[in-house]
Amino acid sequence: MADPRRAVPRTDLLLADPRLREATDRLGPDLVKAAVVAAQDRCRAGGVAPDDVADAAVASLPAGAASMRRVLNATGVLVHTNLGRAPLSAAAVEAVRTAAGSTDVELDLATGRRGRRGRGALAALAARVPAAGGVHVVNNGAAALALVTRVLCRDGGSVVIARGELVEIGDGFRIPELMESVGARLREVGTTNRVRLADYAAAVDDDTAFVLKVHPSNFTVRGFTSSVDVRELATLGATVVADIGSGLLAPHHRLPDEPDAATALRAGADLVTASGDKLLGGPQAGLLLGRADLVERLRRDPFARALRVDKLTLAALEATLAGPVPPVPAALARDVAVLRQRAEAVVAGLPAALGAAVVDTRAAVGGGGAPDVVLPSVAVALPEGLALPLRTGEPPVVGRVERGRLLLDLLAVPPEEDGDLADAVRRVAGEPV
Ligand SMILES: *Cc1c(COP(=O)(O)O)cnc(C)c1O
């Protein structure tokens, strides 16, 4: 028998294949070379015939130069941290594309002088929250809180916070530890379930840098509980900072218990911090809104530079704020009857043998806020065994398994992706698409 190594096509010959040459332009030489080497290895091991090595390499090329893939979020969780939180609106994606090249992010084209960085995004944020005297944007919600803490505690003051609001955000990160890591001393008041204005009043003194109100955005405490709202905290005479978390800028009728920036500011908060990629539906960002003098102090602080957002974030944020309704708020407004029609249309296009059914579900906002709110929704129910093939298909579809069935919940799926969802199911069912 001939030496199988001799039969393996040479790398330079394979790379001359027009399909692989085109892929080199699109993906760069390293990824294409890796696909070629892997196909040669399979040939050497006897898994691929020498004549099929080029085809095997082409088939195993990645879709893009970055490994992150588009995923259809059929989990019924609107703001899913593992799926990148808020998907951007088409307008925000377009803005990112434009800003990705050279752009006037810090140049006033009319005068040729330096322009204020991110002025469009900041103006859009200010326009959406007229109650804010000043606004600033940093990397994420945690960065916003870190900046406030670092600057207001620079001279050694302490932060007064309720014990029931010592929140772990996720992945082991805790707000109190974050604040201590930038130099805050915490003065905890009240108990896990109850705190009163008098508890705060007894703790506030000359040493107090600010009083912090944190929205427990991923849990609720029920029963014998009490907390103190921003309006009452504002009577203490200390600086009040409200970390509202979710990024709602104004009250939302479906989320009556979710705090919003405008209400917190009108109630007397000096500063509000929030995330950009939760209920606001924008890019990862930390929003800072509040008293003009305080915001300016934060903006000018040396530490602010370390938390600065890039032009892509600024572009996406501005389009989120000024442009059409982004996917997360759009999903929040969805009507169950419309969801049911969509689910019925998807099921009608699936092979009967799958036994797909339309079922009512209870969807959720997710880690982004409103932990108690059940959002009535509709799903396509499928056999549980399809969960893995759908998750590893193209595009990957992530649903949730409930009582032995796979539910593909449509609340977080934009209507224009229903076709892709149905195609993905048909593909794993072995049907032509
Ligand atoms: C999500 C959240 C944070 C952290 O914001 P990131 O944008 O994830 O850094 C902080 N505080 C609250 C109340 C939150 O809900």
Side-chain angles (χ1 to χ4, degrees), residues 77-88 121 125 135-150 159 161-182 184 186 210-221 227-230 233 240-249 252 255 257-261 263-265 269 271-290 298 303-304 306-310 312-314 316-317 320-321 326 328 364-373:
V77 179
L78 277 193
V79 180
H80 200 301
T81 300
N82 302 154
L83 298 180
R85 289 196 181 160
L88 295 180
L125 180 56
V135 296
H136 185 53
V137 179
V138 291
N139 250 319
N140 59 12
L145 197 54
L147 180 59
V148 170
T149 306
R150 179 84 193 111
V159 179
I161 182 170
R163 288 208 163 82
E165 296 175 12
L166 299 170
V167 171
E168 177 168 320
I169 318 168
D171 196 22
F173 287 100
R174 296 170 169 172
I175 284 183
E177 291 170 1
L178 165 77
M179 297 181 67
E180 282 165 347
S181 77
V182 289
L186 298 186
F210 63 97
V211 175
L212 178 64
K213 171 92 186 154
V214 179
H215 176 54
S217 50
N218 50 14
F219 71 99
T220 46
V221 181
S227 63
V228 182
D229 62 20
V230 170
L233 293 177
V240 175
V241 178
D243 174 14
I244 62 167
S246 78
L248 275 190
L249 300 181
H252 194 291
L255 309 173
D257 297 327
E258 196 63 19
D260 66 275
T263 304
L265 290 170
L271 284 171
V272 168
T273 66
S275 298
D277 54 353
K278 293 178 178 174
L279 292 174
L280 182 66
Q284 178 186 303
L287 313 181
L288 280 154
L289 309 100
L298 300 176
F303 190 45
L307 311 174
R308 190 173 91 159
V309 287
D310 77 334
L312 304 183
T313 301
L314 290 166
L317 183 62
T320 299
L321 290 162
V328 168
V365 168
D372 253 356
V373 171

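First listed ligand is number 1; within each ligand, the first listed atom is number 1.
Of the heavy atoms in Asn218, none comes closer than 4.0 Å to ligand 1.
For the residue pair Thr320 and Leu280, the shortest heavy atom distance occurs at CG2-O, 3.7 Å. A pairwise comparison of heavy atoms in Ala143 and Asn140 identifies N-OD1, 2.8 Å as the closest pair. Scanning both residues, Ser217 and Lys278, for their nearest heavy atoms gives OG-NZ, 4.5 Å. When all heavy atoms of Ala269 and Val230 are compared, the closest pair comes out as N-CG1, 3.6 Å. Here the shortest heavy-atom pairing between Thr220 and Pro371 reads CG2-CG, 3.7 Å. Nearest heavy atom pair, residue Thr149 against residue Met179, reads OG1-CE, 3.4 Å.
Taking the side chain as every heavy atom from C-beta outward, Leu288 and Val135 never approach each other to under 4.5 Å.
Using a 4.0 angstrom heavy-atom cutoff, Ile175 counts as in contact with ligand 1.
Taking a cut-off of under 4.0 Å to the non-hydrogen atoms of Gly141, the atoms of ligand 1 that pass are 5 (O), 6 (P), 7 (O), 9 (O). Contact atoms of ligand 1 toward Ile169: 1 (C), 2 (C), 3 (C), 4 (C) (distance under 4.0 Å to a heavy atom of the residue).
Close N/O approach between Ser217 and ligand 1 is found [any backbone or side-chain N/O within under 3.5 Å].
In the model, His215 has no side-chain atom that pairs as donor or acceptor with a side-chain atom of Glu165 under 3.5 Å.
Among all non-hydrogen protein atoms, the one lying nearest atom 9 (O) of ligand 1 is Ala142 N, 2.8 Å. With hydrogens left out, the protein atom closest to atom 12 (C) of ligand 1 is Asp243 OD2, 3.4 Å, a heavy atom. Of the protein's heavy atoms, Arg85 NH2, 2.8 Å lies nearest to atom 8 (O) of ligand 1. Taking atom 13 (C) of ligand 1 as the reference point, the nearest protein heavy-atom neighbour is His215 O, 3.1 Å.
When the options Lys278, Gln284, Lys213, Glu165 are ranked by their closest heavy atom to atom 3 (C) of ligand 1, first place goes to Lys278. The option with the heavy atom closest to atom 5 (O) of ligand 1, from among Pro259, Ser275, Gly245, Pro371, is Ser275.
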